[in-house]
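Notes follow the structure.
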Amino acid sequence: MALQMQNPAVRFKQDYTWNDPEKYIINGDQCRSQIGFLIGGGGGGSSIRRSLKMKADAKKTNVETVNGKRLNGVVRVDDHDQNDGIKFIENGNNNVDLSKNIGENNNNVMNNGYLLGRFAEDRFVFRQSFVIRSYEIGPDKTATMETLMNLLQETALNHVANSGVAGDGFGATRQMSIRKLIWVVTRIQVQIEKYSSWGDVVEIDTWVDAAGKNGMRRDWIIRDYNTRKIITRATSTWVTMNRETRRLSKIPDEVKNELLPFYLNRAAIATENTDREKIEKLTGDTAERIRTGLAPRWSDMDANQHVNNVKYIGWILESVPINVLEDYNMTSMTLEYRRECRQSNVLESLTTIKPQTKTNDLECTHLLRMEDDNAEIVRARSVWQVKKK
């Protein structure tokens, strides 16, 4: 079955705080399932239908499980008539009949094949769910920081793809594509309350806002799908770069006009918790550990012809002591991106560790730089807490 994108005619208005759970009523039976929103990606539609299927009728809702957990990240809805009267009740006061929100000339969302995420809150927020796969966990059987960053990036790209303003670039708008512009991230901060395990389902919300006069801010929150608790928060700043000259560019007014309807003045991380401090520059003398000879592979490159920003995290962690990786959880990471990295570059990773006086936490300062001329690629700061036994 062909992949079909979210119908722009279907809109859901919400007004709730981040701590309020969404509640859905299906023919009088309360559940947590998002009927009709088929989320996830990749090929093999027939295999997905065999392994992850959900049938909804007037009497019951069956959700298959993986690893003993409810699996709602990818949902298949079969044989559901638009007159069945499925209604969504959000925050207890907004009763929406889904069948009445679909235009006459559009296919019923319940009969669509697979939908890649959906818009919420009057299209200001894009929402997508994911199952944590076995190859996305680390030695402690929980999702890695790289996995979380990849999911954030995937949700952001799908937000653009479904927004109606996408151009032919990697997350670029039409006006950006015309001007040969691409997005590059300059800073990102991630706060992790809890790491998901294999088979868990997470739900990610993302939205954008202006960042000063010449930048865009993108925020995310990650919820545990079943408990509805927020387990990760992230914020980032993006600017535009010419994909041919590789020089930064001001965001043209035409691009700003494309983005303006999507701007939402909301912060995933409260101002008092935002990491705005300058990250110290490490040198060969101040770093406690240095890992050399880190060479990008062809598979590390992305569609913008440079090393994907998520790949840097793995290289940064190469210089973190093994006992820290085994005995501590990273609870926060801030990255400042200084320049591009291409496949021909060879890098080295530097780390220094500073124990916190009031807690047992560790604060690490990191630097990823070119091995030949010491040009900075990424500065980073991370905070680690002792794992609970």
Side-chain angles (χ1 to χ4, degrees), residues 41-43 130 132-139 142-158 160-161 168-172 180-190 192 204 218 220 234 236-248 279 282 287 289-320 322 325 330 333-351 364 366-382:
F130 300 90
I132 303 301
R133 315 290 183 177
S134 60
Y135 51 81
E136 296 174 323
I137 61 175
T142 61
T144 64
M145 173 62 81
E146 290 171 277
T147 293
L148 298 180
M149 293 285 281
N150 277 320
L151 295 182
L152 298 182
Q153 179 174 267
E154 179 70 9
T155 309
L157 290 172
N158 288 332
V160 177
D168 58 6
F170 195 54
K180 302 178 181 180
L181 299 176
I182 60 175
W183 289 115
V184 290
V185 60
T186 60
R187 187 180 179 97
I188 185 168
Q189 178 187 358
V190 184
I192 304 97
I204 304 179
R218 178 176 286 279
W220 300 265
S236 60
T237 304
W238 299 75
V239 295
T240 54
M241 182 177 75
N242 187 289
R243 67 170 179 258
E244 293 185 352
T245 66
R246 315 309 285 185
R247 293 182 178 179
L248 295 182
I279 299 177
L282 293 182
R289 295 175 60 89
I290 301 177
R291 173 76 157 81
T292 61
L294 301 172
R297 302 168 298 177
W298 174 253
S299 60
D300 296 327
M301 308 296 287
D302 66 19
N304 285 328
Q305 306 305 312
H306 57 204
V307 174
N308 188 277
N309 64 82
V310 176
K311 298 293 183 179
Y312 296 140
I313 296 174
W315 292 330
I316 286 172
L317 298 181
E318 285 291 320
S319 58
V320 175
I322 188 66
L325 299 175
M330 187 193 305
M333 190 173 208
T334 302
L335 300 108
E336 290 181 354
Y337 296 90
R338 297 297 176 121
R339 70 181 66 226
E340 289 185 286
C341 176
R342 312 300 284 269
Q343 190 185 3
S344 59
N345 300 132
V346 179
L347 311 179
E348 54 187 16
S349 175
L350 293 74
T351 291
C364 297
H366 314 274
L367 176 65
L368 202 61
R369 68 184 186 184
M370 303 286 191
E371 194 170 87
D372 56 355
D373 61 2
N374 292 340
E376 292 182 273
I377 304 295
V378 183
R379 291 186 190 184
R381 176 169 40 242
S382 59

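All values below were derived from every heavy atom in this structure, side-chain atoms included, with hydrogens, water molecules and symmetry-related copies excluded. In this text, all values refer to a predicted model and were calculated from it rather than measured experimentally.
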Exercise for the section: Verify whether one side chain among His366 and Ser382 offers a donor that lies under 3.5 Å from an acceptor in the other. Expected result: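 Ser382 and His366 do have a side-chain donor-acceptor pair below 3.5 Å.
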Heavy atoms only: give me the nearest [X]-[Y] pair and the separation to one decimal.
X	Y	answer
Ala143	Ile137	N-CG2, 4.0 Å
Ile188	Tyr337	CG2-CE1, 3.8 Å
Val160	Ala172	CG1-O, 4.0 Å
Arg338	Glu376	CB-O, 3.5 Å
Thr351	Ser319	OG1-OG, 2.6 Å
Leu335	Met333	CD1-CG, 4.1 Å

Problem - Sole candidate of Arg379, Arg187, Gln189, Arg381 that passes side-chain hydrogen bond (donor to acceptor under 3.5 Å, both in side chains) when paired with Glu336 - result: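 Looking at Arg379, Arg187, Gln189, Arg381, the match for Glu336 under the side-chain hydrogen bond (donor to acceptor under 3.5 Å, both in side chains) is Arg187.
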Handout entry: Sidechain N-carboxylate O distance under 4.0 Å for Arg369, Glu348
Key =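 Between Glu348 and Arg369 there is a salt bridge, with a charged N closer than 4.0 Å to a carboxylate O.
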Reported [atom1]-to-[atom2] distance for the pair [X] and [Y], which is rounded to 0.5 angstrom:
X	Y	atom1	atom2	result
Trp183	Ser236	CH2	OG	10.5 Å
Ile377	Glu340	CD1	CD	9.0 Å
Thr147	Ile313	OG1	CD1	10.0 Å
His306	Asn345	NE2	CG	12.5 Å
Arg342	Ser344	CZ	OG	7.5 Å
Leu181	Glu244	CG	CD	10.5 Å

Problem - Trp220 vs Val190, side-chain contact (heavy atoms from CB on, under 4.5 Å): CA-CA, chis, key distance, verdict - result: CA-CA 9 Å; Trp220 300 265; Val190 184; over 6 Å; no
[X] versus [Y]: any side-chain heavy-atom pair under 4.5 Å?
X	Y	value
Met370	Val346	no
Trp238	Thr186	no
Ile204	Glu154	no
Asn150	Phe130	no
Thr245	Lys180	no
Ile132	Leu151	yes

Problem - Sole residue of Leu367, Val320, Thr292, Leu294 in side-chain contact (heavy atoms from CB on, under 4.5 Å) with Ser349 - result: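 With Ser349 as partner, Leu367, Val320, Thr292, Leu294 yield a single side-chain contact (heavy atoms from CB on, under 4.5 Å), made by Leu294.
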Practice task
Scan Val378, Leu317, Asp300 and name whichever one has a side-chain contact (heavy atoms from CB on, under 4.5 Å) with Tyr312.
Solution key: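 Looking at Val378, Leu317, Asp300, the match for Tyr312 under the side-chain contact (heavy atoms from CB on, under 4.5 Å) is Val378.
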